[in-house]
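All figures in this text were calculated on a predicted structure; none of them were measured in a lab.
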Amino acid sequence: MSASRIIPASSRTLLLTFDAFGTLFHPRLPVPEQYAATAHQFGLSRTTITPDKLETAFRDTFREQMHRYPNYGRADVLRGQYGGPRQWWEEVIRGSFGRVLSTKNESTHPGQPKEQIPDRMVEVLLDRFAGSEGYALYDDVLPFFHRLRKLKSAHKWSFDRIIVGVVSNSDDRVPAVLKSLGLTVGDMRADQDRSSMDLPGFERRNSEEDVAEEYDEDRKNINYNLDIDMVITSYEAGQEKPHRLIFDVTRRQALKVARPWLTSRTKFKSVHVGDDFEKDYTAARDAGWESYLLIRNSIDLNPPEAKEFEDLHQLADKLECFP
């Protein structure tokens, strides 16, 4: 990639967003391995419950669940007919184990009662994948945010302000995961159709009044103290990437964050970084943003026209070279 600027120096407020899963963090171990290890702790058979069997069962169950309840069942949640992400993932967990146990019972013990899926095991898995027990940051993430904090406080630079966000096709566990991994995260979320405070999910946080007060006070100090100002998930925004709506909602929420210093003369530039060519790079570009592809998997074949970074260190270098 050339050393030329990725963002014009005339832009004074930068909205810099990142994808979450596969860009900032990844499973600490493959998901089927974590599922199997947890099942063994609850006494399920090691010969029956294996990572290989769970990999196929999870893939098929997840695909069916996405088809039956798109975007974690949000449309049904709004109609009062579904419980949201926690119910969604509980059904995925039970469905994945149910497939494996059903195959075992049918092949070795036809007509016998099926082995039960422990309720407590389901709860443990839900909690595991809401934090650092299930996920880990990529090695370049914390160093990048440390450099970004210094850049935010620099006086000789192209941008007066940086708003940092996460835009993720996920449910509302993303903020908890990021916090558990050592990042500081603000309370700004999406509010499309219905306030994220009213949508059933995993997150328990401040009231809307507290959030409004946080972003009406001295934004300068808050901006320095937060790694991530806002998290916009598809569940709360109403559409998944590559739909343009999630990027439009993100920009709208960023304007709320910027309200204390925003004027008619403020120039605003939006940039998104992610690991998926279609859902991150192309989608953000089509929404009118600058977009950059982060190459996390060396075997991925990406179109040659994509603007790429091999890691976040390269992104930090580009940002720091601005006058």
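Relative to the ring axis of Tyr138, Arg296 places its NZ or CZ within 45° and under 6.0 Å from the centre.
Here the CG-CG distance, from Leu101 to Leu44, works out to 6.0 Å after rounding to the nearest 0.5 Å. One finds the CD atom of Glu33 at 11.0 Å from the OG1 atom of Thr50 (value rounded to the nearest 0.5 Å). Rounding to the nearest 0.5 angstrom, the gap separating the CG atom in Asp140 from the CD atom in Gln314 is 10.0 Å. In this structure, Arg128 CZ and Glu133 CD are separated by 4.0 Å, a value rounded to the nearest 0.5 Å. Here the CG-CG distance, from Leu16 to Leu319, works out to 6.5 Å after rounding to the nearest 0.5 Å. Summarising the geometry, atom OG1 belonging to Thr13 is positioned 10.0 Å from atom CD1 belonging to Ile162; distances are rounded to the nearest 0.5 Å.
Taking the side chain as every heavy atom from C-beta outward, Val271 and Leu14 approach each other to under 4.5 Å. Side chains of Phe268 and Ile163 form a contact here, defined as non-hydrogen atoms less than 4.5 Å apart. Side-chain atoms of Glu203 and Pro175, non-hydrogen and from C-beta on, do get closer than 4.5 Å to each other. Between Asp227 and Val164, the closest side-chain pair of non-hydrogen atoms is not below 4.5 Å. Counting only heavy atoms from C-beta outward, the side chains of Tyr281 and Asp276 never approach each other to under 4.5 Å. At a threshold of 4.5 Å between non-hydrogen side-chain atoms, the residues Ile49 and Leu54 count as touching. Between Leu151 and Phe159, every side-chain heavy-atom pair lies at or beyond the 4.5 Å cut-off. Residues Asp52 and Thr56 have side chains not in contact (no heavy-atom distance under 4.5 Å, counting atoms from C-beta outward).
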Problem set entry | side chain to side chain contact (heavy atoms under 4.5 Å, CB included) evaluation trace for Val124 with Arg120 | CA-CA 6 Å; Val124 166; Arg120 180 56 186 157; 3.8 Å; yes
For this session: Quick one: do Leu125 and Phe97 satisfy side chain to side chain contact (heavy atoms under 4.5 Å, CB included)? Show the steps, please.
Result: CA-CA 12 Å; Leu125 284 171; Phe97 282 99; 3.8 Å; yes
For this session: Just do the salt bridge (Lys or Arg N to Asp or Glu O under 4.0 Å) check on Asp172 and Arg86 with the steps written out, would you?
Result: CA-CA 10 Å; Asp172 63 331; Arg86 193 172 187 91; over 6 Å; no
Problem set entry | Audit row: Gln41, Thr38, side chain to side chain donor-acceptor pair (under 3.5 Å) steps and yes/no | CA-CA 5 Å; Gln41 292 173 2; Thr38 302; 5.0 Å; no
For this session: Evaluate the criterion side chain to side chain contact (heavy atoms under 4.5 Å, CB included) for residue pair Phe145 and Leu24; output intermediate values, then yes/no.
Result: CA-CA 11 Å; Phe145 279 102; Leu24 298 180; 4.3 Å; yes
For this session: Give the C-alpha distance, both sets of side-chain angles, the deciding distance and a yes or no for side chain to side chain contact (heavy atoms under 4.5 Å, CB included) between Val231 and Leu178.
Result: CA-CA 10 Å; Val231 177; Leu178 294 169; 4.2 Å; yes
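When the ring-ring contact (aromatic ring centres under 6.0 Å, His included) test is applied to Phe25, the partners found at least two apart in sequence or on another chain are Tyr135. By the ring-ring contact (aromatic ring centres under 6.0 Å, His included) test, Phe144 pairs with Phe18, sequence neighbours left out.
Contact record, Pro51 with Pro32: O-CB, 3.4 Å, taken as the closest heavy-atom pair. Annotation for Tyr235 and Gly84: closest pair OH-CA, 3.8 Å, computed over non-hydrogen atoms. Across Ser132 and Arg28, no two heavy atoms sit closer than the pair O-NE, 2.9 Å. When every heavy atom of Leu126 is checked against every heavy atom of Arg173, the shortest pair comes out as O-NH1, 3.5 Å. A pairwise comparison of heavy atoms in Met121 and Ala39 identifies SD-CA, 3.6 Å as the closest pair. Minimum heavy-atom separation, Ala237 to Ile232: CB-CG2, 3.9 Å.
For Glu123, the CD atom counts as densely surrounded, since its 6.0 Å shell holds more than 12 non-hydrogen atoms of other residues, nucleotides or ligands. The 12-atom threshold is not exceeded at CG of Asp139, counting heavy atoms of other residues, nucleotides or ligands nearer than 6.0 Å.
The closest donor-acceptor contact from the side chain of Asp280 to the backbone of Val273 lies at 3.5 Å or more, if one exists at all. The main-chain N or O of His313 is found under 3.5 Å from a side-chain atom of Asp311 such that the two form a donor-acceptor pair. Side-chain atoms of His243 do not come within 3.5 Å of backbone N or O of Gln239 as any donor-acceptor pair. A donor-acceptor distance shorter than 3.5 angstrom exists from the side chain of Ser180 to the backbone of Val177, with no hydrogens or angles considered. Of the possible polar contacts, none joining the Asp19 side chain to the Ser168 backbone as a donor-acceptor pair under 3.5 Å is found. Distance alone, capped at 3.5 Å, is enough to place a donor-acceptor pair between the Gln34 side chain and the Leu29 backbone. Side-chain N or O atoms of Glu91 include none that pairs as donor or acceptor with a backbone N or O of Gln65 at under 3.5 Å. Between the side chain of Lys256 and the backbone N or O of Arg251 there is no donor-acceptor pair closer than 3.5 Å. The closest donor-acceptor contact from the side chain of Arg149 to the backbone of Asn225 lies under 3.5 Å. Formation of a donor-acceptor pair under 3.5 Å by the Lys279 side chain with backbone atoms of Gly274 is not found in this model.
In summary, Asp248 and Arg244 engage in a salt bridge, as defined by a charged side-chain N under 4.0 Å from a carboxylate O. Taking the charged nitrogens against the carboxylate oxygens, Glu55 and Arg59 have no contact shorter than 4.0 Å, which rules out a salt bridge. Under 4.0 Å is where a charged nitrogen must lie from a carboxylate oxygen, and between Asp171 and Arg74 no such pair does. Under the 4.0 Å criterion applied to side-chain N and carboxylate O atoms, Glu290 and Lys269 are assigned as salt-bridge partners. A salt bridge links Arg252 to Asp191: one of the charged nitrogens lies within less than 4.0 Å of a carboxylate oxygen.
You'll find the ring centres of Tyr292 and His272 outside the 6.0 Å limit. Taking the six-membered ring where the residue is Trp, the centroids of Trp88 and Tyr72 are separated by under 6.0 Å.
Looking only at atom types and distance, the side chain of Glu64 has no donor-acceptor partner in the side chain of Thr61 under 3.5 Å away.
A ring-ring contact (aromatic ring centres under 6.0 Å, His included) with Tyr35 is found for one member of Phe58, Phe62, Phe42 and no other, namely Phe58.
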